[in-house]
Structures are given as C-alpha cells and as structure tokens.
Protein chains: 2
Amino acid sequence: MARPARLSGAGGRATILDVAAAAGVSRQTVTRAVNDLPGISVATRQRVLAAAEALDYRPSRFGRGLVSGGAHQLGLLVDDLRNPYSPELAASVLRLAAARGWTVVLADVGLTGDSDRSVQDLGAQSDVVIGYLGARAPEWLERLGSVPVVELDPAGPALRGAVRLDPSEAVETLADHLVTVGVKHPLVLDAPSAAVGAGQPSARGQLLLDALRRRGYLPRHVLAGAASADAGAAGTSAALAAHRRVDAVLAFNDVMALGALAACRRAGVDVPERVRVVGIDGLTLGTLVAPTLTTLAVDLDEVARHAVDLALGMLDGSLPRSGDAVQRVVRHRLLVRESA
Amino acid sequence: MARPARLSGAGGRATILDVAAAAGVSRQTVTRAVNDLPGISVATRQRVLAAAEALDYRPSRFGRGLVSGGAHQLGLLVDDLRNPYSPELAASVLRLAAARGWTVVLADVGLTGDSDRSVQDLGAQSDVVIGYLGARAPEWLERLGSVPVVELDPAGPALRGAVRLDPSEAVETLADHLVTVGVKHPLVLDAPSAAVGAGQPSARGQLLLDALRRRGYLPRHVLAGAASADAGAAGTSAALAAHRRVDAVLAFNDVMALGALAACRRAGVDVPERVRVVGIDGLTLGTLVAPTLTTLAVDLDEVARHAVDLALGMLDGSLPRSGDAVQRVVRHRLLVRESA
DNA sequence: CTGAAAGCGCTTACAG
DNA sequence: CTGAAAGCGCTTACAG
C-alpha cells in the first residue's frame with residue numbers, strides 16, 4: 001500500500017493542503033470535514049474524508065496545538081517500573097491527571113540506557129514534571145530545562161517544588177509496637193544508599209536503629225547488596241543462620257521484606273511466630289502474600305495529590321518555582337498486618 | 001512572584017516576542033540564547049537569558065515541534081497499572097521507545113473515570129498507539145482517530161495491527177507436566193470473561209479444561225468473582241474445603257495464583273507437596289514469593305518488540321494499517337518453578 | 001554578531 | 001455551503 005507520490009509534509013507525511021488539493025477544496029473545508037464541524041455538505045464531507053483516507057492524512061498535533069492550545073501534558077519521571085513502587089505512584093498520578101484532562105508522558109530513568117536523553121526529552125514534551133530525581137537531581141534539573149518541577153522524596157535539599165516523605169513518626173510507632181509484642185532481638189535489613197558513605201546505614205536505616213536503641217535494644221544492622229527481594233532474602237538467610245536469636249527483621253522497603261519472608265519460609269522459620277517481618281512503603285504487593293506484610297505505608301494518592309497541586313500552582317504562577325511555599329510533607333504510618 | 005503584566009501568549013504565558021521586547025533584541029537572538037546556538041555575544045546572551053528568566057519564558061513545544069519535527073510520541077494504552085501485568089509490559093515498551101528516541105504518553109483505561117476521554121486524548125497526542133483495547137476495541141479505535149494502532153492480545157478479530165498471545169502449546173506442555181508429576185485431581189481456577197457468556201469458562205480456561213480432559217482427567221472448574229488475588233484466594237479456599245482430593249490449582253493468571261498460594265498457606269496445605277499451583281503470565285511477582293510460582297510465561301519484551309516493530313512499519317508506510325501483514329503471535333511457555 | 005523574511009500545519013474569524 | 005486572510009510560536013536560512 002504505497003503512498004501517492006508528491007506530499008508536501010516533512011517525512012513524506014500528507015498535510016491538510018495535500019488533502020485539499022486531492023479533494024479539490026480549500027483547507028478550511030478539510031478542517032470542517034476532519035473535525036466534524038457544521039457548515040459543510042454531506043457530499044463534500046465524504047469526498048474530503050475519502051481523500052484524507054487515501055493519503056493517510058493525520059493532522060499534526062503541533063499545528064493543532066499551536067492554534068488551539070492543546071491539552072496540558074504532565075511529565076512523570078519514575079525510577080524503575082519493574083519495581084512495584086513506581087507503578088503504584090504512577091497510577092495515582094495518572095488518575096489525577098486524567099481527571100484534569102491532562103495527558104501524561106512517562107520516562108523511566110532506571111530502565112533506559114541513555115537516561116540523560118530521556119530526561120531531556122521529557123522536559124521538552126512536558127508543561128510540568130513530577131518525579132524522582134534522586135542523587136542526580138542537580139544535573140537532571142538542568143536537562144529538564146525551564147519546566148516547573150516537583151521533586152518526590154528529594155535526596156538532598158529541595159531545589160524546586162518538593163513532596164517529602166517522612167517516616168520518622170511511623171518508625172517510633174513501629175518501635176513501640178515491637179516492644180509491645182515482645183520482640184527482643186531486632187535486625188535492621190538495610191539497603192545501600194548513594195547519599196551516605198559506603199557501609200553506612202541509610203537515612204531510613206539510621207532512623208530505625210535510633211528508635212530501637214532509644215528503647216534499650218541492641219539492634220543488629222545488615223547491609224544487603226541491593227534494595228531487591230533477592231538481596232533481602234540473602235541477607236535474611238545469612239543473619240538467621242548467624243544469629244539464632246533474631247526475632248524481628250525490619251527491612252528497608254517492602255520488596256526486601258518480601259525477600260525476608262521467603263527466606264524465613266525456606267528456613268522453616270514461622271512468621272510471625274518466631275520472627276516478625278516489617279517493610280516500608282505500603283505496596284499492594286504486601287497484601288498478596290501470606291502472611292500479609294506489616295509495613296510503614298505512605299499514601300501514594302496523597303503524595304500524588306500534593307505533587308499535582310504544587311505543579312498546578314507553579315504552572316499558573318500562583319506559586320513560586322522553589323522555596324518553602326512549594327514543599328509538602330507526607331508521613332508514613334504503621335500498617336499492622338499479619339507478619340508483625 | 002507575580003508575572004509582569006502584558007504578555008502576548010495565550011494563558012498569560014510569555015512568548016519569544018515578549019522576551020525579545022524585554023531584552024531589546026529580535027526573536028532570532030532569543031532563539032540563539034535559549035538554544036545555546038553560536039553567533040551571539042556573551043553579554044547579549046546573558047541579557048536575553050535574564051529576561052527569559054524574569055518572564056518565566058518556556059518555549060512552546062508546539063511552535064518548536066511544528067518547525068523542527070519533534071520527537072515521535074508513542075501512545076501506550078494499559079488497562080490498570082495497579083495490576084502488575086501492565087507495568088511489566090509498559091517497562092518493555094518504554095525501553096524500546098527510549099532507545100529510538102521516542103517519548104511515551106501513557107493512558108490507563110482501568111484507572112480513570114472517563115476512559116473514553118483518555119483514549120481520545122491519547123490518540124490526539126500520539127503518532128502511533130500500542131495497547132490493550134479489550135472488548136471495547138471497535139468503539140475505542142473510533143476515538144483514537146486516524147493514528148496507526150497495534151492492539152495487544154485482541155479479544156476479537158484484529159481490526160488494525162495486532163500482537164496475539166497464544167497459550168495453547170504451553171497449556172499442552174503443562175498438562176503433560178502435571179501427568180508426569182502425578183497430579184490426579186486438577187482444578188481450573190477461572191476468571192469471568194466479557195467475551196463469553198456468564199458462567200462460561202474463559203478462552204484460557206477452556207484451553208486448560210480441554211487439555212486436561214484429553215489426558216483422561218475430570219477437571220473441576222471454579223469461576224472466581226474476578227481476576228484478583230482475593231477472588232483467587234476465596235475460590236481456592238472454598239474448593240479445598242469442598243473437594244479434599246484437589247491436588248492442583250491452575251489459575252487464570254499469576255495474580256490469582258498468588259491468591260491460591262496464600263489460601264493454601266492459610267489452610268495449612270503444603271505447596272507443592274499436597275497441592276500444586278500454576279499461574280499464567282510469567283510476572284516477576286512470581287519469583288518474589290515462596291514457593292516461587294510455576295507459570296505459563298509470555299515474554300513481554302518480545303511482545304513489545306513486535307508491537308513497536310509493527311507500529312514503526314505502519315508509521316513509515318511500509319506496512320498496511322490492518323490485515324495479516326501486521327499480525328504477530330507470541331507463544332507462552334511453561335516456566336517450572338517451585339509451586340508445581 | 002544581529003535582524004528581516006519565510007514558513008512549519010493547523011484553526012478561527014470573516015466575507016462571500 | 002465554501003474560501004481568502006490572518007495568525008498561533010517557533011526555527012531556519014539568508015542578508016547585512
């Protein structure tokens with residue numbers, strides 16, 4: 001099905017003028033036919049539509065957007081869709097965006113080889129960007145260009161808008177809970193963090209350790225090789241073998257906690273009877289396993305709501321592009337399920 | 001931080017002419033400064049950038065795209081990001097798209113209230129659309145407009161390009177496997193399907209039942225209330241209680257199989273010792289639980305590769321917009337892990 | 001180093 | 001019912 005020869009558009013694509021010529025009408029009439037506008041005879045409309053079809057005509061979104069404004073496009077930057085955290089957040093953002101009639105461009109910096117390019121393209125296609133920048137925030141903000149940005153869970157000081165996650169209160173509640181249920185020898189199953197020195201506890205890990213120590217515990221600290229289920233399982237297996245008295249595993253996140261759960265099962269260690277397991281994040285995933293996972297949950301709907309709110313304000317100029325006025329905090333809270 | 005008063009752009013947004021006026025230069029000079037082009041003095045560049053900053057100038061992606069073509073934008077339509085199947089597919093598509101320098105607009109019809117609108121907006125913003133249309137394919141193709149479409153796992157006959165999933169061979173392999181390991185009383189844990197009558201087995205379910213019967217089994221068929229983990233767990237619990245001899249649960253998908261796994265654990269039924277559990281899809285999720293999930297896996301990277309391939313061909317005119325030339329088939333294959 | 005001209009593809013008034 | 005004109009915001013030659 002080769003295309004007719006002479007087309008004016010770039011890339012050999014037909015433009016409205018090609019259709020007009022083929023149908024023997026003006027471009028305005030093509031617009032009327034293609035956009036279902038009134039003021040055109042049935043016969044003409046049919047002739048135009050036939051010509052459009054034959055030329056495989058598709059209106060340029062740029063031409064259209066230029067004149068009619070076009071829908072807002074929200075850029076969403078996630079770290080790795082294969083990690084269940086990202087899609088849950090994306091789902092929340094998508095829902096809010098769709099409710100406003102915005103479209104969402106998605107870029108994944110954990111997935112693509114050339115993440116710099118992805119970030120740059122995202123900035124070019126978006127009216128506003130929401131997402132995780134992590135340790136490379138300064139560099140990537142540069143690449144995003146001049147769009148307003150709402151950073152989620154920023155690793156450092158907030159350079160633009162920001163929604164911060166704060167687990168500190170929930171960590172205290174969790175520590176109290178562990179005391180109450182009689183835990184004696186807790187273990188913090190930590191993940192490496194780019195923000196601290198190698199071998200050091202992550203910010204979350206430190207929070208957990210401090211809360212436990214304040215209650216008289218002498219918590220063990222295990223630094224897994226990565227924030228993955230496999231690494232969580234390996235770390236747990238080793239720790240259970242080396243320290244028989246461990247009776248609670250507090251993981252850096254839910255995915256690692258799932259690994260801990262699997263390791264316990266393989267070691268024939270009952271959860272929560274002999275060892276309690278706790279994650280952080282509150283992923284739906286934690287409700288699909290048995291025992292269901294106790295976790296410090298963050299309400300991603302709330303995170304998304306704040307982020308979109310801030311983005312909106314920055315976009316319409318009612319909020320500045322950085323500073324305290326574009327900062328929000330969302331606190332984790334303890335979700336006691338079966339595993340602890 | 002209120003904006004300066006008189007701005008020519010729509011929505012009060014500054015245009016290149018506003019910046020030019022503020023900096024006392026021509027629009028070409030603004031382009032040079034903003035796009036880091038050569039042929040501009042340092043002093044002028046700084047003055048222009050300052051003016052741009054002060055006016056909160058952001059170049060219109062429409063204006064830019066119109067003249068320089070702009071990156072291709074791929075529309076991806078998923079059903080529900082909260083279902084782990086969607087993000088795994090999205091991850092594969094995103095990776096391929098990014099490698100080509102395309103951006104991806106994502107719409108989720110299972111999530112948004114006004115899915116019709118989402119579909120329509122997606123069509124308007126995309127050069128090509130890949131995705132699940134399900135039972136509403138005819139209607140939604142209409143809404144997508146004239147963009148090329150590659151439908152994934154179409155429910156009916158392919159109306160445009162299509163990547164079909166074919167579990168039939170893997171189902172036979174699975175049935176043989178069950179015979180080999182000594183399963184006697186298998187149960188098909190099915191999900192409701194819009195394509196068949198209420199209470200009827202889904203296409204997948206029928207495939208499983210047929211393969212089992214051909215091997216002399218008298219398989220039970222349980223239709224869960226939904227294709228969810230909870231429904232899978234409920235269906236499994238009820239079946240285990242009613243039919244003590246059931247020694248294998250073949251679920252409609254992995255998520256339901258996870259529910260079956262949880263139900264077995266709660267009932268104190270060992271997997272795979274007493275009951276074997278099998279899912280369909282091959283989600284990563286199945287490797288995070290213990291026992292790991294045996295499943296009929298479909299390679300989503302392969303699905304994505306075919307889909308992007310077809311999309312590309314339809315876009316550049318080397319492939320027609322529908323018909324056998326734009327159909328691909330991806331087969332499931334049995335992935336034996338711990339649960340069966 | 002800087003600016004005047006042309007044009008990307010479309011839609012929105014307006015005139016016939 | 002149909003078409004000539006103007007303009008959306010930008011960049012790419014080209015001229016000075």
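Residue numbers start from 1 in every chain, and the chains themselves are labelled A, B, ... in the order their sequence lines are given, proteins ahead of strands. Keep in mind that what you see is a predicted model, and the values were worked out from it rather than measured. FYI, side chains are in, hydrogens and waters are out, and symmetry mates aren't considered; it's all heavy atoms of this structure.
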Student: Across the strands shown, which category fits Ser41(B) at heavy-atom distances under 4.0 angstrom: base, sugar-phosphate, nothing?
Tutor: sugar-phosphate
Student: Just checking, is any N or O donor in the side chain of Ser118(B) or Ser115(B) under 3.5 Å from an acceptor N or O on the other one?
Tutor: no
Student: Please determine whether a side-chain nitrogen or oxygen atom of Thr44(B) lies at a distance below 4.0 Å from atom OP1 or OP2 of dT2(C).
Tutor: yes
Student: Look at the side chain of Ser60(B) and decide which nucleotide, out of dC10(D), dT11(C), dC1(C), has an atom nearest to it.
Tutor: dC10(D)
Student: From C-beta outward on Thr29(B), which listed nucleotide comes closest to its side chain: dT12(C), dT11(D), dG3(C)?
Tutor: dG3(C)
Student: Using whole Å, what does the distance between atom P of nucleotide dG3(C) and atom CG of Leu37(B) come to?
Tutor: 15 Å
Student: Expressed as a whole number of angstroms, how long is the span from Arg64(B):CZ to dC8(D):C1'?
Tutor: 16 Å
Student: Can you tell me how far P of dG7(D) sits from CG of Leu17(B), to the nearest Å?
Tutor: 13 Å
Student: Are the side chain of Thr44(B) and the backbone N or O of Ile40(B) linked by a donor-acceptor pair below 3.5 Å?
Tutor: no
Student: Indicate yes or no: does Asp127(B) engage Arg61(A) in a salt bridge with an N to O separation below 4.0 Å.
Tutor: yes
Student: What is the minimum heavy-atom distance between Leu66(A) and Ser60(B), and which atoms define it?
Tutor: CD1-OG, 4.2 Å
Student: Examine dA4(D): is either OP1 or OP2 under 4.0 Å from a nitrogen or oxygen in the side chain of Ser26(A)? Give yes or no.
Tutor: no
Student: With a non-hydrogen cut-off below 4.0 angstrom, is Ile16(B) in contact with a base, only sugar-phosphate, or nothing?
Tutor: base
Student: Roughly, in whole Å, what's the span from CG in Asn35(A) to P in dT11(C)?
Tutor: 5 Å
Student: Can you identify which nucleotide, out of dT11(C), dG9(C), dT11(D), has its nearest atom closest to the Leu66(A) side chain?
Tutor: dG9(C)
Student: Measure the distance from CZ on Arg61(B) to P on dG9(D) and round it to the nearest whole Å.
Tutor: 14 Å
Student: Does a side-chain N-to-carboxylate-O contact under 4.0 Å join Asp153(B) and Arg164(B)?
Tutor: no
Student: Paired with dA15(D) by Watson-Crick or G-U wobble geometry, both distances under 3.5 Å: which nucleotide is it?
Tutor: dT2(C)
Student: Please tell me which of Gln28(B) and Gly63(B) maps to the more 5' nucleotide of DNA chain D, matching each residue to the nucleotide holding its nearest heavy atom.
Tutor: Gly63(B)
Student: Rounding to an integer number of Å, can you tell me how far Phe62(A) CZ sits from dG9(C) P?
Tutor: 12 Å
Student: Is there a donor on the side chain of Arg32(B) or the base of dG3(C) sitting less than 3.5 Å from an acceptor on the other?
Tutor: yes
Student: Round to a whole Å and report the spacing from CG of Asp127(A) to P of dG9(D).
Tutor: 14 Å
Student: Quickly work out the Arg58(B) CZ to dG9(D) P distance and round it to whole Å.
Tutor: 14 Å
Student: Report yes if a side-chain nitrogen or oxygen of Thr31(B) is closer than 4.0 Å to either non-bridging phosphate oxygen (OP1 or OP2) of dC10(D); otherwise report no.
Tutor: no
